[in-house]
There are 2 protein chains.
Amino acid sequence: MTVGHVGERLLTPGEVAALFRVDPKTVTRWATAGRIGSIRTPGGHRRFRETEVQALLAELTTEATEPAEHV
Amino acid sequence: MTVGHVGERLLTPGEVAALFRVDPKTVTRWATAGRIGSIRTPGGHRRFRETEVQALLAELTTEATEPAEHV
DNA sequence: GAGGAGTGGGGTAATTAGGGCT
DNA sequence: TCTGTCCTAATTACCCCACTCC
């Protein structure tokens with residue numbers, strides 16, 4: 001292989017939906033609303049950067065800043 | 001490789017598939033549908049120009065609008 | 001010439017996109 | 001306002017086997 005650039009892992013809408021425990025449709029709406037970056041395939045399907053998803057996931061976690069043991 | 005002639009870096013269907021997080025067969029369909037330019041080897045296998053793939057990838061990429069946090 | 005990995009072609013099942021509604 | 005579900009159409013994923021690339 002002569003790529004030499006294996007940076008960003010991309011996730012499918014279904015995988016992101018599973019991470020957030022929501023419907024893939026909701027993930028699509030987030031992308032449409034510009035709340036999360038998306039990479040479209042030439043066919044129109046979306047792919048999401050895992051790093052961005054992780055960041056958003058962590059952001060939502062820290063947003064509910066309750067020091068109690070609620071995990 | 002190591003042809004000594006740089007500037008025409010070609011990617012295999014598998015490499016392009018990894019970039020878009022799709023199946024190599026899907027990349028083949030893109031080429032068949034004319035959504036992406038392809039170069040055929042004498043044996044019939046397809047090769048793709050990295051510059052074209054990168055350009056396509058960048059064109060289909062949408063950055064997330066930076067939220068204003070707490071407003 | 002031999003061998004492993006990848007690719008092409010065809011066909012079928014699973015996801016996804018889009019709009020509208022509860 | 002945001003999310004989940006219903007619908008149809010389009011795109012993508014995985015199965016087979018034969019051939020090509022290195």
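Labels below follow one simple rule: chain letters A, B, ... track the order of the sequence lines, proteins then strands, and each chain is numbered from 1.
- B:Glu52 pairs by the side-chain hydrogen bond (donor to acceptor under 3.5 Å, both in side chains) definition with nothing, not counting sequence neighbours.
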Applying the Watson-Crick and G-U criteria (both distances under 3.5 angstrom) with [ ] for crossing and | for other-strand pairs, one obtains for DNA chain C ..|||||||||||||||||.|.
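- Annotation: ring pair (Phe, Tyr, Trp, His ring centres under 6.0 Å) contacts involving residues 34-63 of chain B, sequence neighbours excluded, are absent.
- For the salt bridge (charged side-chain N to carboxylate O under 4.0 Å, His left out) condition, the pairs that include at least one residue of residues 33-49 of chain B, sequence neighbours left out, are B:Glu8-B:Arg49.
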Quick one: what's the B/S/- string for nucleotides 9-22 of chain C, heavy-atom cutoff under 4.0 Å, read 5' to 3'? B-----BSBBBB--
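- Between the CD1 atom in A:Ile39 and the CG atom in B:Leu60 there is a gap of 9.0 Å [rounded to 0.5 Å].
- Straight-line distance from the CG atom of B:Leu10 to the C1' atom of D:dC22: 15 Å, rounded to whole Å.
- Here the closest non-hydrogen pair linking B:Leu56 and A:Pro42 is CD2-CG, 3.9 Å.
- Heavy-atom minimum distance, A:Gly14 versus A:Pro24: CA-CG, 4.4 Å.
- Look at CG on A:Leu11: it is 14 Å from P on D:dA13, rounded to the nearest Å.
- For B:Arg21, no side-chain nitrogen or oxygen approaches OP1 or OP2 of D:dT12 to under 4.0 Å.
- Using a 4.0 Å cut-off, no side-chain N or O of A:Trp30 falls inside it from OP1 or OP2 of D:dC2.
- Note on residues 18-31 of chain B: pairs passing side-chain hydrogen bond (donor to acceptor under 3.5 Å, both in side chains), not counting sequence neighbours, are A:Glu15-B:Arg21, B:Thr26-B:Arg29.
- Side-chain contact between B:Phe20 and A:Leu10: absent, with no pair of heavy atoms (C-beta onward) separated by less than 4.5 Å.
- Contact check, B:Thr41 against D:dC21: a side-chain N or O comes under 4.0 Å of OP1 or OP2.
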